[in-house]
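Here the structure comes first, spelled out in structure tokens, and everything after it is commentary.
Quick note: residue numbers are just sequence positions, from 1. Worth knowing before you read on, the calculation uses all heavy atoms, side chains too, and leaves out hydrogens, waters and symmetry mates. Start at 1 and go down the list; that is how both ligands and their atoms are numbered. Here the structure is a predicted model, which is why all the values come from computation and not from measurement.
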Amino acid sequence: TRTPVNVTVTGAAGQIGYALLFRIASGHLLGPDVPVNLRLLEIPQGVKAAEGTAMELDDCAFPLLRGIEITDDPNVAFAGANVALLVGARPRTKGMERGDLLAANGGIFKPQGKAINDNAADDIKVLVVGNPANTNALIAQAAAPDVPAERFTAMTRLDHNRAISQLAAKTGAAVSDIKKLTIWGNHSATQYPDIFHAEIAGKNAAEVVNDEAWLADTFIPTVAKRGAAIIEARGASSAASAANAAIDHVHTWVNGTAAGDWTSMGIPSDGSYGVPEGIISSFPVTTKDGTYEIVQGLDINEFSRARIDASVKELTEERDAVRELGLI
Ligand code: NAI
């Protein structure tokens, strides 16, 4: 029998945590034959609610769930961690400036990065979900000098999935017929969902759509502002779809992309496509055997170039701001 994989989830008592933990425990994160130990990290006020969720996890009698540990100590939570899902973050509250938001999250992600550095397993893979996800991932990565930088990733898979869904609705195609969609840049309103290299049942998606006005005025803003539209409709932010995307991100990272397709992940840039090295930006990537590679050689047209550059500019500004705050 396989040794259980240790999966640490922060913000476990939050709404994404509630939608996420049951799917991890039922085998959707890593595969139907991989047992897991769950480590739940919460702040002290969240521990009791996490204990309640753990009672429900027990009550599911999941065959793959081998243990649950709940703690408010990052060093305990990340001990031996093979996969870490950093979901807990400080939300932006009314009147909060971006600098305050970055500083507040630095207070969370810097110590968590250090705790990962000092305690996690050698094969640790980190996904940051908590916003601002790309820059939080950069802060955690900078605090973990002994961990290869490429193990720190940020989630743009929800944006990727949203874009596929919008494109399927527009063209009448099946979701499963859409391949090679790309989210570039930041998980924010500046993100750029790119269909110029995407395929719909083997045909170029931009040619199938053949409507640049729809692309610029409907598709891109709908995908980029979908989070706000969910809040408006549901009265709470995306949780089940965010949890689903986190499952997809890690599952794809561990188990590989299908032949003829790729995915989108926020990863430390190696300078590809003119994105400054080191910032954590979303790219098209293929994955295999637990590693990923940026898809190279794509032609970037003017329409795409301007939008990628705008989102990357925002990321470099966030990097400069956290550098100034001494967080990286
Ligand atoms: P939530 O507020 O329901 O839950 C957050 C939980 O994190 C709370 O239980 C809180 O006690 C906990 N927490 C706060 N600081 C912590 C710390 N230092 N250590 C451990 N736990 C801590 O929020 P929700 O809806 O679950 O969302 C979580 C994050 O995910 C937010 O930052 C949200 O903006 C982000 N998000 C990101 C998406 C993406 O696509 N990248 C999509 C949707 C949400």
Side-chain angles (χ1 to χ4, degrees), residues 8-21 39-54 69-78 81 84-93 96 101-116 126-140 143 152-163 183 185-191 193 223-231 234-250 263-267 280-282 315:
T8 303
V9 178
T10 77
Q15 50 153 5
I16 294 177
Y18 195 73
L20 182 61
L21 293 169
R39 305 271 167 74
L40 312 185
L41 180 67
E42 260 295 344
I43 51 176
Q45 310 89 284
V47 165
K48 187 158 181 235
E51 285 168 356
T53 304
E69 196 169 344
I70 302 160
T71 178
D72 60 6
D73 179 348
N75 288 315
V76 174
F78 294 114
L85 303 172
L86 309 190
V87 179
R90 174 71 206 275
R92 190 190 286 258
T93 39
M96 205 175 190
L101 181 73
L102 293 172
N105 280 292
I108 295 173
F109 287 87
K110 194 174 175 177
Q112 289 184 1
K114 182 167 185 343
I116 288 169
V126 182
L127 168 62
V128 176
V129 174
N131 282 318
N134 299 54
T135 298
N136 287 341
L138 179 66
I139 293 168
F152 285 83
T153 67
M155 190 168 94
T156 54
R157 186 63 174 263
L158 179 54
D159 310 301
H160 181 98
N161 289 344
R162 285 168 171 165
I183 303 293
N186 201 359
H187 169 69
S188 77
T190 69
Q191 66 172 270
V223 173
K225 295 179 190 158
R226 186 72 167 177
I230 300 284
I231 293 175
R234 205 173 84 86
S237 61
S238 328
S241 54
N244 178 68
I247 296 276
D248 283 352
H249 177 115
V250 173
T263 190
S264 305
M265 287 169 68
I267 56 171
I280 297 196
S281 183
S282 188
L315 281 170

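- The protein non-hydrogen atom at the shortest distance from atom 37 (C) of ligand 1 is V129 O, 2.9 Å.
- Heavy-atom separations between G46 and ligand 1 are all 4.0 Å or longer.
- Counting only non-hydrogen atoms, the option in G11, S237, A89, A77 that gets closest to atom 14 (C) of ligand 1 is A89.
- The nearest heavy-atom contact from the protein to atom 9 (O) of ligand 1 is E42 OE2, 2.6 Å.
- Within the 4.5 Å cutoff, the side chain of D248 has heavy atoms near those of the N161 side chain.
- Annotation: side chain of L86 is in contact with side chain of F78 (closest heavy-atom distance under 4.5 Å).
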* For side-chain contact (heavy atoms from CB on, under 4.5 Å), just list the numbers for V223 and R226, CA-CA rounded to whole Å, side-chain angles, deciding distance to a tenth of an Å, and then say yes or no. => CA-CA 5 Å; V223 173; R226 186 72 167 177; 5.8 Å; no
* Begin from the C-alpha positions of T53 and L21 and carry the test side-chain contact (heavy atoms from CB on, under 4.5 Å) through to its verdict. => CA-CA 9 Å; T53 304; L21 293 169; 3.8 Å; yes
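- Each of the atoms 28 (C), 29 (C), 30 (O) of ligand 1 lies under 4.0 Å from some heavy atom of V87.
- Comparing D159, V128, I43 by heavy-atom distance to atom 16 (C) of ligand 1, the nearest is I43.
- Looking from atom 30 (O) of ligand 1 to the surrounding protein, the closest heavy atom is I16 CD1, 3.4 Å.
- The nearest heavy-atom contact from the protein to atom 3 (O) of ligand 1 is Q15 N, 2.9 Å.
- A donor-acceptor contact shorter than 3.5 Å links the side chain of N134 to the backbone of H187.
- Nearest protein heavy-atom contact of atom 38 (C) of ligand 1 is H187 NE2, 3.7 Å.
- Contact annotation for atom 11 (O) of ligand 1: protein present (non-hydrogen atoms, distance under 4.0 Å).
- Atoms OG and CG, from S238 and N244 in turn, are 11.5 Å apart once rounded to the nearest 0.5 Å.
- Interatomic distance, CG of L102 versus CZ of R92, reported as 8.0 Å (0.5 Å rounding).
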* To do: Take H249 and T153 through the side-chain contact (heavy atoms from CB on, under 4.5 Å) test and state the conclusion after the steps.
  => CA-CA 9 Å; H249 177 115; T153 67; 2.9 Å; yes
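- Considering only non-hydrogen protein atoms, atom 36 (N) of ligand 1 sits nearest to N131 ND2, 3.4 Å.
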* Derivation of the side-chain contact (heavy atoms from CB on, under 4.5 Å) call for I70 and V47 -> CA-CA 7 Å; I70 302 160; V47 165; 4.1 Å; yes
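- Taking OG1 of T10 as the reference point, atom CD1 of I108 lies at 8.5 Å (rounded to 0.5 Å).
- Counting only non-hydrogen atoms, the option in G14, A239, P44 that gets closest to atom 4 (O) of ligand 1 is G14.
- In the vicinity of L158, heavy-atom distances shorter than 4.0 Å reach the ligand 1 atoms 40 (O), 42 (C).
- The closest side-chain heavy-atom distance from L41 to T71 is below 4.5 Å.
- In the vicinity of S238, heavy-atom distances shorter than 4.0 Å reach the ligand 1 atoms 43 (C).
- Atom numbering of ligand 1 starts at 1 in the shown order; those under 4.0 Å from a heavy atom of Q112 are 17 (C), 18 (N), 19 (N).
- Counting atoms of ligand 1 from 1 in the listed order, those under 4.0 Å from a heavy atom of A242 are 42 (C), 43 (C).
- For atom 18 (N) of ligand 1, the nearest non-hydrogen atom of the protein is I108 CG2, 3.5 Å.
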